[in-house]
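Some notes on the structure that comes next.
Letters A, B, ... are given to chains in the order of the sequence lines, protein chains preceding strands, and every chain is numbered from 1. From a predicted model like this one, the values you see are computed outputs, not experimental measurements.
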Amino acid sequence: MSAIFKREMRAYFTSPIGFIFIAIFFVANGALFSYLTLQAGSTSDISSYFLMLLFLFIILIPLLTMKLFCEERKQKTEQLLLTAPISLIDMVAAKFFAAYTMFAGTFLAATVFNLIPYFIYCEDVNLASILGNIVGILLIGGAFVAIGLFISALTENQFVAAITTIAIIAALLFISFANSYIGAAPIRVVLSWISIFSRFYDFTYGILNFASLLYYASIMFVFLFLTVRVYENRRWA
Amino acid sequence: MIKIENLVKQYGDIRAVDNISFEVNEGEIVGFLGPNGAGKSTTMNMLTGYLSSTSGKAMIDGIDILEQPLEAKKRIGFLPEQPPLYLDMTVEEYLNFIYDLKGCKLNRRKHLHEICEVVRINEVYKRIIRNLSKGYRQRVGIAQALVGNPKVIIFDEPTVGLDPKQIVEIRNLIRTLGRNHTVILSTHILPEVSAVCERIVVINKGKLIANEKTEEISRVVDGFRRLCVKIVGPQEEVLAALKNKEGIAYCECLGQREADSYAYLIESQPGVDIRRPLFFALAEKGWAMIGEETMGTNLEDVFLALLERNDERKKKRNVVKSNIIAK
């Protein structure tokens, strides 16, 4: 497992993708942060920054996940992994952790950068809210990476994988906006239940809602499980 | 060491591999021969655990590949049809990755060095795989299969796309490997298997049609000896004479080659070496034989020969059976 993890991490930095990801993340993150907190009227509310950050993931997460399995299939190296003495679960987990490490590492580094001026210039810092936001983002990121990983296992074409992942992540984020246009109450309830966005609010208040935690974790596990199934299925095809 | 029992792979209506059984003993080099689309790669993919079988068993060293995949896979080194290379890595990085991937316990530097020595990729060790030639890439692919010193090595068409010199090198390499490993290699080129393998398993359209020692197969195939000869002399007369010659099964004029000579395709009857009698017969008439070339038997002929022989055996068996019943 560690062999694949190491190779993936290395691949991010021997191709431009890792650098592009980090660069876009830092630039967009810095701009969002300064605009939404430091330059905004009330600097104490940091949550709107974290909320906006979610929309950044629509394009950033696919960057990390699009090539994970596509490339293997295209270069025919998939056969190497599938005939090596490692289990499918290890293979999928290694790839997931590689992409997640990139995501979480970059996010945490960027957050540290942001919080330094924030702590210096803001008087009433709500630590619970900040921690809640960070935990929430880390969980949502995990769910998105798992979705991207799954999509990548379905196709041979990186571009198709990227576009599909963008569409799904965007859909998950925008569901809650559709809610205000829907009259039927039952649909509204269901939509707000599956909406990634509305579940995030609890975290922004610094509340660790167990249901939401479970929700994000299950999205992650379901998609990782589905990825394993894709490979099992292909073997039995 | 390798045991395949009634292996079947069904793709919808198509039966890619149809009830194949054979065994490979320790230290043997076995050739897996068949035309394109015969089911060679499918069989190998099932043997290595890349695909699952619809029914039947594939065992490596007594371990079922579907029941204990990880244990079985530890014993296999596999070179797929297209070498599975990460083009953005150097050979060194790639082999180290494979070493980690296979969870190898041998002394890393020494082991990798030995492998590079055997497949002769020392001089490209620090280079990026993308920049290597096809021959080198193939060798890196072979090196990959050797990492971890597996008992069984499986090569799927190892010489495809290589130039003649490289082909000879790879064949020699495989022969060397056969001393310490059990090797299966698949190919659609007959001379390749006869040059390297001790035994040949022939499949066609998913079915096994022969599993015998190489000499045995060669003998069957030699029955179909074809010659291309250039003879100076009047075309009609020569052709007539050839057709009447004892030992010649088939003859045909291929056309004029030089000012006064014609080329003829001659197929001798099974088990007859026609070359000497032909020479003397032509000399008697005063026609000069200015060129003689043994045509390579193509795979089609091999199958025909093998199938024909199988049919004859079946007939004989049926005759014996009916005799027994009559008694």
Query - More than 12 heavy atoms of other groups within 6.0 Å of B/R108 CZ - result: yes
Value for CZ (A/R7) from CD1 (B/I98), rounded to nearest 0.5 Å, stands at 9.5 Å
So CZ of A/F5 and CG of B/D100: to nearest 0.5 Å the spacing works out to 13.5 Å
Applying a strict 4.5 Å limit to non-hydrogen atoms, the region of B/L66 in contact with chain A is side chain
Among A/R10, A/K6, A/E78, the residue with the most heavy-atom pairs under 4.5 Å to chain B is A/R10
query: More than 12 non-hydrogen atoms from neighbouring residues, nucleotides or ligands closer than 6.0 Å to CD on B/Q10, yes or no?
result: yes
Between the CD atom in A/Q79 and the CG atom in B/D156, the distance rounded to the nearest 0.5 Å is 8.0 Å
Turns out that what part of A/T83 lies under 4.5 Å from chain B's heavy atoms comes down to both
When the 4.5 angstrom heavy-atom criterion is applied to B/Y99 and chain A, the contacting part is neither
Most heavy-atom pairs under 4.5 Å with chain B, out of A/A11, A/S15, A/A84, belong to A/A84
The reported gap from CG in A/L80 to CZ in B/F78 (rounded to nearest 0.5 angstrom) is 10.0 Å
Of B/Q82, B/R75, B/K73, B/E81, the largest count of non-hydrogen pairs under 4.5 angstrom with chain A goes to B/K73
Those residues of residues 45-65 of chain B that come under 4.5 Å of chain A on a heavy-atom basis, listed by number, are B/N45, B/T48, B/G49, B/Y50, B/L51, B/S52, B/S53
Assert top hit (heavy-atom pairs under 4.5 Å, partner chain B, pool A/R235, A/E71, A/Q75) equals A/R235
Tell me whether A/F113 at atom CZ has more than 12 heavy atoms from other residues, nucleotides or ligands lying less than 6.0 Å away.
no
- Query: More than 12 heavy atoms of other residues, nucleotides or ligands under 6.0 Å from CG of A/L131: is that the case?
  - Reply: yes
> For atom OH of A/Y231, is the number of surrounding heavy atoms from other residues, nucleotides or ligands below 6.0 Å larger than 12?
Replying inline: yes
> Considering residues, nucleotides and ligands other than B/F22, do more than 12 of their heavy atoms fall under 6.0 Å from its CZ?
Replying inline: yes
Problem - B/Y86 vs A/E72 side-chain heavy atoms within contact, under 4.5 Å - result: yes
* Heavy-atom count around A/F221 CZ within 6.0 Å, excluding the residue itself: above 12? -> no
For B/P83, the side chain to side chain contact (heavy atoms under 4.5 Å, CB included) test, sequence neighbours excluded, returns B/L79, B/L85, B/Q138
Counting heavy-atom pairs under 4.5 angstrom with chain A, the leader among B/Q144, B/E71, B/K102, B/M89 is B/M89
